[in-house]
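Each remark here refers to the structure printed beneath this line.
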Amino acid sequence: MKTTLQIQPEGPFNLDLTIKSGQTSQPPWKFKSDRFWELIKVDGKLCLVGVHQKPGDLNGPIMVEAESKGPVKKDVLRSKLLEIFSLEDDLSELYKFLESDEKLKPTVDFCRGLRIFKAHDPFECIISSICSANNSILRWSRSIRKIKENWGENFDFKGETFHTFPSPEVLMKVPEHDEEMEPCQGQTYSLKSCGVGYRCSYMKKAARMIHEEINITTLGEMNYHDAFKTVLSIPGVGPKVADCILLYGYGIGRAFPVDVWIGRILSHLYFEGEDLKPRKVRNFGMEHFGEHAGYVQLYLFHYARKSGLLKTLKPKK
DNA sequence: ACGCAGGTGTACG
DNA sequence: CGTACACCTGCG
């Protein structure tokens, strides 16, 4: 069953940039025939959505086309997409803030319309974020894709198969190593074979905890500090991953995920290249950027990459 | 070929 | 409490 709708974002929105900017909430959506496609759950139903934006038209409407087994309520689909692409964030407010800081000012021209690309659901976000730790974007997105192909729900459309992310219960039961299972048509399907490395046991333990112990649906209602401490208790989740989860899974804008790159960038911009401990970078970011911290991190990283600044920042001398 | 990059857990002081 | 090192994989 087909559903179509239009969304008129408030302020600039760059769909292409947002999807491809390497945010660790999820790998880029599949691009085919002018649209980005992804299988998501809307109102509990599998729903393949295709989103289109006229190239270069940062202020134009977003055209949405969705295919589902049964009927899907338009307003539910609409709010899901508003959520995923953070379309209700007030970018003019953000840009006012960025322009008030000489160091942040240049990021705006490089990033106009870039928004936080949120995960489809908190569980997927937690596992994705654990998998992204100490990993490359390439390897991480490959792993997530394989996990979805191996254990997600399928949806066939026009000769292609799309996959959801598996539930906690499914993921906690998947085999860790190939030796644990019979080869199936010459192929094996273990979590290790997805290339997750030593993160394998963290991911399985996290899935078990979320299935049996922790209620992750109420995290969004907690204050930042309590939510941070709660996700920190999940195996494989340290400060960086915790902030990714809060930012991309729950839209908590004060979260400031600190990796080595954001550390080098802030050190270069504000500390004359001094070697900074991650703890100090995080405190500085949260104090100075406040509720914009998540966006500042996103904008600084993209700016540094596009402007060539990143290449000049050396991994200590 | 093989060294290296990349956060977290653990084992120390 | 802070610091040092091992962990796994794929790229250059």
Side-chain angles (χ1 to χ4, degrees), chain A residues 21-28 119 124-150 171 174-180 187-210 213-214 225 227-249 255-268 274-286 293-294 297-298 300-302 304-305 308-317:
Chain A
S21 54
Q23 304 179 53
T24 53
S25 50
Q26 55 186 312
E124 172 168 2
C125 186
I126 291 170
I127 301 300
S128 285
S129 303
I130 291 173
C131 188
S132 74
N134 197 27
N135 208 339
S136 70
I137 301 256
L138 198 71
R139 185 149 80 91
W140 160 79
S141 44
R142 207 177 279 160
S143 294
I144 299 302
R145 226 172 280 130
K146 285 186 184 174
I147 289 170
K148 291 169 74 168
E149 284 168 15
N150 284 354
L171 196 66
V174 306
E176 283 203 32
H177 307 280
D178 285 342
E179 306 85 67
E180 290 174 33
Q187 270 189 304
T188 52
Y189 296 101
S190 66
L191 195 46
K192 269 274 174 70
S193 76
C194 297
V196 301
Y198 58 83
R199 302 162 195 81
C200 181
S201 63
Y202 302 153
M203 293 163 82
K204 287 200 58 169
K205 281 178 197 158
R208 178 170 295 278
M209 269 179 85
I210 290 163
E213 285 176 53
I214 299 190
H225 185 72
F228 184 78
K229 287 192 74 174
T230 306
V231 288
L232 260 192
S233 71
I234 299 170
V237 178
K240 152 71 163 43
V241 167
D243 275 329
C244 281
I245 292 169
L246 297 184
L247 182 61
Y248 297 118
F256 190 66
V258 172
D259 59 17
V260 296
W261 289 107
I262 207 67
R264 287 169 195 164
I265 294 167
L266 283 200
S267 160
H268 170 78
E274 177 193 336
D275 191 18
L276 301 172
K277 303 252 182 306
R279 175 74 206 244
K280 185 168 174 183
V281 178
R282 180 163 175 269
N283 288 341
F284 177 85
M286 295 191 69
Q297 174 265 155
L298 178 63
L300 273 179
F301 186 72
H302 184 73
R305 199 159 49 163
L309 170 63
L310 216 51
K311 291 197 292 273
T312 75
L313 299 177
K314 304 222 168 110
K316 85 177 164 186
K317 289 176 194 149

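Below, each value reflects all heavy atoms present in this structure, side chains not excepted, and no hydrogens, waters or symmetry copies. The chains referred to below are lettered A, B, ... by the order of the sequence lines, with proteins before strands, and numbering in each begins at 1.
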Please state how far atom CG in A:L191 lies from atom P in C:dT9, giving the value in whole angstrom units. 11 Å
Within the 4.0 Å heavy-atom criterion, would you say A:W140 contacts the bases, only the backbone, or no part of the nucleic acid? nothing
With B for base contact, S for sugar-phosphate-only contact and - for none (protein heavy atoms under 4.0 Å), nucleotides 8-13 of chain B reads SS----
Can a side-chain donor-acceptor contact be found between A:Q23 and A:S21 if the only test is distance below 3.5 angstrom? yes
Among residues at least two apart in sequence or on other chains, which ones pass salt bridge (charged side-chain N to carboxylate O under 4.0 Å, His left out) with A:K280? A:E274
What distance do A:S129 atom OG and A:I144 atom CD1 have between them, rounded to the nearest 0.5 Å? 8.5 Å
By salt bridge (charged side-chain N to carboxylate O under 4.0 Å, His left out), which residues pair with A:R139, not counting sequence neighbours? none
In this structure, which one of A:V260, A:D259, A:L276 forms a side chain to side chain contact (heavy atoms under 4.5 Å, CB included) with A:V281? A:L276
Rounded to the Å, how far apart are A:R264 CZ and B:dG7 C1'? 13 Å
Counting only side-chain N and O atoms of A:R279, is one of them less than 4.0 Å from OP1 or OP2 of C:dC1? no
Would you check if A:D243 and A:V258 make a side-chain contact, meaning some heavy-atom pair closer than 4.5 Å? no
Check the pair A:Y202 / A:V241 against side-chain contact (heavy atoms from CB on, under 4.5 Å), numbers first and verdict last. CA-CA 12 Å; A:Y202 302 153; A:V241 167; over 6 Å; no
Is the phosphate of B:dG6, meaning OP1 or OP2, less than 4.0 Å from a side-chain N or O of A:W261? yes
Kindly determine whether A:F301 and A:L310 satisfy side-chain contact (heavy atoms from CB on, under 4.5 Å), including the steps that lead there. CA-CA 8 Å; A:F301 186 72; A:L310 216 51; 3.9 Å; yes
If each end axis of the helix from B:dC2-C:dG12 to B:dG13-C:dC1 is fitted on five C1' pair positions, the angle between them, to 10 degrees, is 40°
Under 3.5 Å between N/O atoms: give me all the protein pairs with nucleotides 10-12 of chain C, atom names plus distance.
residue: C:dC11; atom: OP1; partner: A:R142; partner atom: NH1; Å: 3.3
residue: C:dC11; atom: OP1; partner: A:R142; partner atom: NH2; Å: 2.7

Rounded to the nearest angstrom, tell me the gap between atom CZ in A:R199 and atom P in B:dG6. 13 Å
So which pairs with a foot in residues 140-149 of chain A pass salt bridge (charged side-chain N to carboxylate O under 4.0 Å, His left out), sequence neighbours left out? A:E38-A:K148
Would you mind reading off the distance between A:I126 atom CD1 and B:dG7 atom C1', rounded to a whole angstrom? 17 Å
Side chain A:S128, main chain A:C125, donor-acceptor under 3.5 Å: no
Can you check the A:I262 CD1 to B:dG7 P distance for me, whole Å? 11 Å
Counting only N and O atoms by type, is there a donor-acceptor contact under 3.5 Å from the side chain of A:R199 to the main-chain atoms of A:A133? yes
Atom CG of A:N134 and atom C1' of C:dC7 are separated, to the nearest Å, by 8 Å
